[in-house]
Amino acid sequence: MAATEQVRQHYAGKDLSARLLAAAGAGDGPVTVDALSPYDQLHAGGAAATSALLDLLGLAPGVSLLDVGCGLGGPARLAASRHGCHVTGVDLSPDFVDAARELTARAGLAGLVTFALGDGDRLPCDDASHDRAMLVHVGMNVPDKAALFAEVHRVVRPGGPFGLYEQMRVGPGDLPFPMPWAVDAATSFVETPDAYTDALTTAGFDVLRIDDRRAALAAAGGPGQDGLVVVFGQEFVTRISNNVAATRTGLLAPVVVLARA
């Protein structure tokens with residue numbers, strides 16, 4: 001089975017929007033972005049980590065932002081609700097895209113946030129069609145990051161910032177699978193900050209800053225992924241624990257990179 005199809009199956013799930021809406025206490029009515037945030041931010045640090053990344057991108061009303069690997073749309077909705085920008089989310093999981101659309105409509109943000117099904121190396125976007133781009137905990141499933149970043153470079157306007165928030169390798173050792181993004185090494189492609197820098201540079205980006213977020217994450221009380229059990233089931237507890245252990249032993253770190261097209 002191709003890695004892309006394995007990743008798609010890894011992020012499959014039925015009745016996702018119904019589960020999240022129930023967990024958020026929405027009933028049949030509208031739901032707020034804050035009520036959804038414990039469940040729709042599929043990365044370490046949750047909404048606080050997303051906000052820190054968004055603050056680097058210079059977002060404002062009228063700005064167009066591309067969210068590559070948007071998942072359930074949590075970061076996209078947070079960007080639109082807090083900054084008033086237009087966001088396009090792209091994800092390879094049909095279940096995630098369907099849920100993202102439903103959750104966004106219930107949050108009253110369908111006028112600002114849209115979603116499309118697509119792979120990162122073939123983005124369904126025109127050349128130079130977006131002012132900004134972001135990538136949140138996606139590259140761990142991408143073997144050819146230079147190809148992905150070249151696609152992002154194609155669709156971002158010259159001079160536009162590209163913000164990444166990724167789990168990166170910062171020490172030697174074997175990953176303790178299963179991890180949140182993969183059950184085994186077949187679909188896990190964790191790389192070092194230097195490898196990200198090389199791939200971004202090859203794609204035409206200038207790397208402006210690299211921030212290890214371990215201290216910020218610890219100060220916030222940990223990875224903040226407990227709500228994701230609603231999305232992925234009870235087995236996700238083990239995956240979170242393995243991720244935390246790998247971070248504490250110095251194997252992994254959540255890292256923010258800011259680049260410019």
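Values below: all heavy atoms of this structure, side chains included; hydrogens, waters and symmetry mates excluded.
Not one N or O on the side chain of D119 forms a donor-acceptor pair closer than 3.5 Å with the backbone of L92. In this structure a side-chain-to-backbone donor-acceptor pair under 3.5 Å is present from N141 to T187. With R154 contributing its side chain and L123 its backbone, the two residues share a donor-acceptor pair below 3.5 Å. Judged by distance alone, the side chain of S129 and the main-chain N or O of D126 form a donor-acceptor pair under 3.5 Å. Judged purely by atom type and a 3.5 angstrom limit, T104 has no side-chain atom pairing as donor or acceptor with the backbone of R101. At distances below 3.5 Å, not a single donor-acceptor pair connects side-chain atoms of D127 with backbone N or O atoms of V155. Under the 3.5 Å distance criterion, the side-chain polar atoms of R77 are left unmatched by any main-chain donor or acceptor of V113. Not one N or O on the side chain of N243 forms a donor-acceptor pair closer than 3.5 Å with the backbone of M179. The backbone N or O of V256 sits nowhere less than 3.5 Å from a side-chain atom of R213 that would complete a donor-acceptor pair. At distances below 3.5 Å, at least one donor-acceptor pair connects side-chain atoms of Y165 with backbone N or O atoms of A44.
Closest heavy-atom contact between V156 and A133: CG2-CB, 3.6 Å. Closest approach of D28 and R106 over heavy atoms only: C-NH2, 3.3 Å. Across C70 and G89, no two heavy atoms sit closer than the pair SG-C, 3.6 Å. In terms of heavy-atom proximity, D212 sits nearest to V255 at CA-CG2, 4.4 Å. Looking at every heavy atom in both residues, P193 comes nearest to I210 through CB-CG2, 4.3 Å. Residues A146 and A199 share a closest heavy-atom pair of N-CB, 3.9 Å.
In this structure, R157 places its CZ atom where more than 12 heavy-atom neighbours from other residues, nucleotides or ligands lie under 6.0 Å away.
Side-chain N/O atoms of S51 and R82 include a donor and acceptor closer than 3.5 Å. Side chains of D131 and S64: a donor on one and an acceptor on the other come within 3.5 Å.
Ring geometry for H153 against F205 counts as perpendicular: the plane angle is over 60°, on a 0 to 90° scale with 30° as the lower cut. Classified by interplanar angle (parallel below 30°, tilted 30° to 60°, perpendicular above 60°), the ring pair F149/F162 is perpendicular.
When side chains are defined from C-beta on, P178 does not count as touching E235, because their heavy atoms never get closer than 4.5 Å. Side-chain contact between F189 and V142 is absent, with no heavy-atom pair separated by less than 4.5 Å. At a threshold of 4.5 Å between non-hydrogen side-chain atoms, the residues M134 and L65 count as touching. Counting heavy atoms from C-beta outward, P180 and H137 have side chains that stay 4.5 Å or more apart. At a threshold of 4.5 Å between non-hydrogen side-chain atoms, the residues M168 and L252 do not count as touching. No side-chain heavy atom of V90 sits under 4.5 Å from any side-chain heavy atom of V68. Considering only heavy atoms from C-beta on, L42 comes within 4.5 Å of L72 through its side chain. Side-chain contact between P254 and E166: absent, with no pair of heavy atoms (C-beta onward) separated by less than 4.5 Å.
Considering CG of L21 and CG of L103, their distance stands at 5.0 Å, rounded to 0.5 Å. The OG1 atom of T50 sits 8.5 Å away from the CG atom of D40 when rounded to the nearest 0.5 Å. From L57, atom CG reaches atom SG of C85 across 9.0 Å, with rounding to the nearest 0.5 Å. For the atom pair CG (L228) and CZ (F236), the distance works out to 5.0 Å, reported to the nearest 0.5 Å. Here the CG atom belonging to L109 is positioned 11.5 Å from the NE2 atom belonging to H86, to the nearest 0.5 angstrom. Note that CG of L135 is 9.5 Å distant from NZ of K145, once rounded to the nearest 0.5 Å.
Criterion: ILVMFWY side-chain heavy atoms under 4.5 Å apart, direct or through other members. Under it, V152 and L56 are not part of a common hydrophobic cluster. When hydrophobic clusters are built by joining Ile, Leu, Val, Met, Phe, Trp and Tyr residues whose side-chain heavy atoms come closer than 4.5 Å, directly or via intermediates, F177 is grouped together with M140. Following chains of ILVMFWY side-chain contacts shorter than 4.5 Å, one can reach V257 starting from L66, so the two form part of one hydrophobic cluster. One hydrophobic cluster holds both L59 and L208 under the rule that ILVMFWY side chains link at heavy-atom gaps under 4.5 Å. Under the 4.5 Å side-chain heavy-atom criterion for grouping Ile, Leu, Val, Met, Phe, Trp and Tyr, L78 is connected to F115 within one hydrophobic cluster.
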Could you go through the side chain to side chain contact (heavy atoms under 4.5 Å, CB included) check for L164 and L200 one step at a time? CA-CA 11 Å; L164 304 88; L200 285 162; 4.2 Å; yes
Full working for side chain to side chain contact (heavy atoms under 4.5 Å, CB included) between V63 and H83: CA-CA 9 Å; V63 168; H83 299 279; over 6 Å; no
Determine, stepwise, if the pair V170 / L251 fulfils side chain to side chain contact (heavy atoms under 4.5 Å, CB included). CA-CA 5 Å; V170 291; L251 174 58; over 6 Å; no
After noting the C-alpha distance and the side-chain angles of D98 and S17, does the key distance pass the side chain to side chain contact (heavy atoms under 4.5 Å, CB included) rule? CA-CA 8 Å; D98 288 345; S17 58; over 6 Å; no
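Taking 4.0 Å as the cut-off between side-chain N and carboxylate O, D211 and R209 count as a salt-bridged pair.
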